[in-house]
Each structure stands twice: as C-alpha cells, then as structure tokens.
Amino acid sequence: MVWGGIGLNQSLGPVFFNNLGPGRGNGITAQRYIDQILQPHVVPFFQARRNCVLQQDNARPHTARVTQAFLQHNNIDIMAWPALSPDLNPIEHFWDQLQRKLNQLSPGPRTAAELRQALIHAWCTIPRDRLIHSMSRRCQAVINVHGGHTPY
C-alpha cells in the first residue's frame, strides 16, 4: 500500500506502508495511518508550511475519531469532503497517471522491490501544477451539478 500527497510545487511521498499482510486486521487502520503517515510525514510537512489544508477522502482510517482528534491536536486543517464528489481530489488523477506510467514499463516490475523502485521513479516524473491549478474548475463543475458527478 502506498500513500502520497501533492500540492503546488510540493510533493509528499510516495510513502509505503509497513507491516501489512494478508488476512483480516492487517489492512490500513486509523492507528496505522496515524503512526506510519500522519505522525512521521504529514505533521512535519504541515509544521514547516503555512496555510496548508489536508484533503483526504472519507476512507475509515481518515474519518475515525482517533484520526480526527490527532489532526485537531496537531492543528492540521482538513478540507470538508463532499460525500458524492470524488472529482475534487487531484491526487486521484495523479494516481491514474502513475498507473499508466507503470503499465508502460516493458518489462514490468517482477518483484515488490522492483515495483517500489519503478513507482518512485514514475512519481518523480509526473508534473503536479496542472492538476493543482485545475481545482477551481473542478469545484465550479461540482457546484454547477449541485454536488453530482462531473466529467473530471
């Protein structure tokens, strides 16, 4: 599992989750999200910058009370996430571009280590500015359809 964040002229990631395995209870929990992403990566990133807002979706680890309390305790502002508007998050389009770059590799990665290296390389080659600058158009599109689906 991989986590990442993007901003205008900024990037945070990719961050690879540790200690995940097959079976129930070995997925991304709120505590793993806090311990492996928020505490070591997001908090220092936000402490070094002003006027940042964290945008995340409504995944359970993101919305859990413990996560919300942690973010509030660390003074990290969160953008409200409309339930039916995944179109707003530019990282989704970034992930799509990343997947396309990985799919173009020939031969493709054969091991987890090769995949990790390929992902890191591809991550560094994708421009982010266009995705970030499109936010005003994305927001206006959602407003125009009263919170419904947009073509983005």
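These values consider heavy atoms only, across backbone and side chains, with no hydrogens, waters or symmetry-generated copies.
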Enquirer: Residues sharing Ile91's hydrophobic cluster, by side-chain heavy-atom contacts under 4.5 Å among ILVMFWY, directly or via others?
Expert: Val2, Ile6, Leu8, Phe16, Phe94, Trp95, Leu98, Leu102, Leu105, Leu115, Leu119, Ile120, Trp123, Ile126, Leu131, Ile132
Enquirer: From Gln55 CD over to Ile78 CD1, what is the distance, rounded to the nearest 0.5 angstrom?
Expert: 11.5 Å
Enquirer: Under the rule for side chain to side chain contact (heavy atoms under 4.5 Å, CB included), what residues qualify as partners of Arg100, not counting sequence neighbours?
Expert: Asp96, Gln97
Enquirer: Which donor-acceptor pairs under 3.5 Å do side chains of residues 64-75 form with protein atoms, sequence neighbours excluded?
Expert:
unit_1	atom_1	unit_2	atom_2	d
Thr67	OG1	Pro61	O	2.6
Gln68	NE2	His62	O	2.5
Asn74	ND2	Phe70	O	2.8

Enquirer: Hey, could you give me each pair passing salt bridge (Lys or Arg N to Asp or Glu O under 4.0 Å) that has a residue in residues 4-17? Not counting sequence neighbours.
Expert: none
Enquirer: Could you name each residue pair satisfying side-chain hydrogen bond (donor to acceptor under 3.5 Å, both in side chains) that touches residues 39-49, not counting sequence neighbours?
Expert: Gln10-Arg49
Enquirer: Is any side-chain heavy atom of Tyr33 closer than 4.5 Å to a side-chain heavy atom of Gln56?
Expert: yes
Enquirer: Main chain of Arg32, side chain of Thr29: is a donor-acceptor contact present, judged purely on distance under 3.5 Å?
Expert: yes
Enquirer: Taking side chain to side chain contact (heavy atoms under 4.5 Å, CB included) as the definition, give me every residue that meets it alongside Thr125, ordered by chain and number, with sequence neighbours left out.
Expert: Lys101, His121
Enquirer: Who pairs with Asn103 by side-chain hydrogen bond (donor to acceptor under 3.5 Å, both in side chains), at least two apart in sequence or on another chain?
Expert: Gln99
Enquirer: Return the set of residues passing side-chain hydrogen bond (donor to acceptor under 3.5 Å, both in side chains) with Glu114 (not counting sequence neighbours), or none when no residue passes.
Expert: none
Enquirer: Tell me, please, which residues at least two apart from Gln104 pass side-chain hydrogen bond (donor to acceptor under 3.5 Å, both in side chains).
Expert: none
Enquirer: Please report the shortest heavy-atom distance between Arg128 and Gly7, naming the atom on each side.
Expert: CB-O, 4.3 Å
Enquirer: Quick one: pull up CZ in Phe46 and CG in Leu38 and give me the separation to the nearest 0.5 Å.
Expert: 9.5 Å
Enquirer: Suppose we screen for side-chain hydrogen bond (donor to acceptor under 3.5 Å, both in side chains). Which residues come up paired with Arg116, at least two apart in sequence or across chains?
Expert: none
Enquirer: Are side-chain N/O atoms of His93 and Arg138 paired as donor and acceptor at under 3.5 Å?
Expert: yes
Enquirer: Decide side-chain contact (heavy atoms from CB on, under 4.5 Å) for Ile28 and Trp3; before the verdict, give the C-alpha distance in whole Å, the side-chain angles of both, and the deciding distance to 0.1 Å.
Expert: CA-CA 11 Å; Ile28 306 301; Trp3 178 92; over 6 Å; no
Enquirer: Answer yes or no: is there a donor N or O on one side and an acceptor on the other, between the side chain of Gln36 and the main chain of Asn18, under 3.5 Å?
Expert: yes
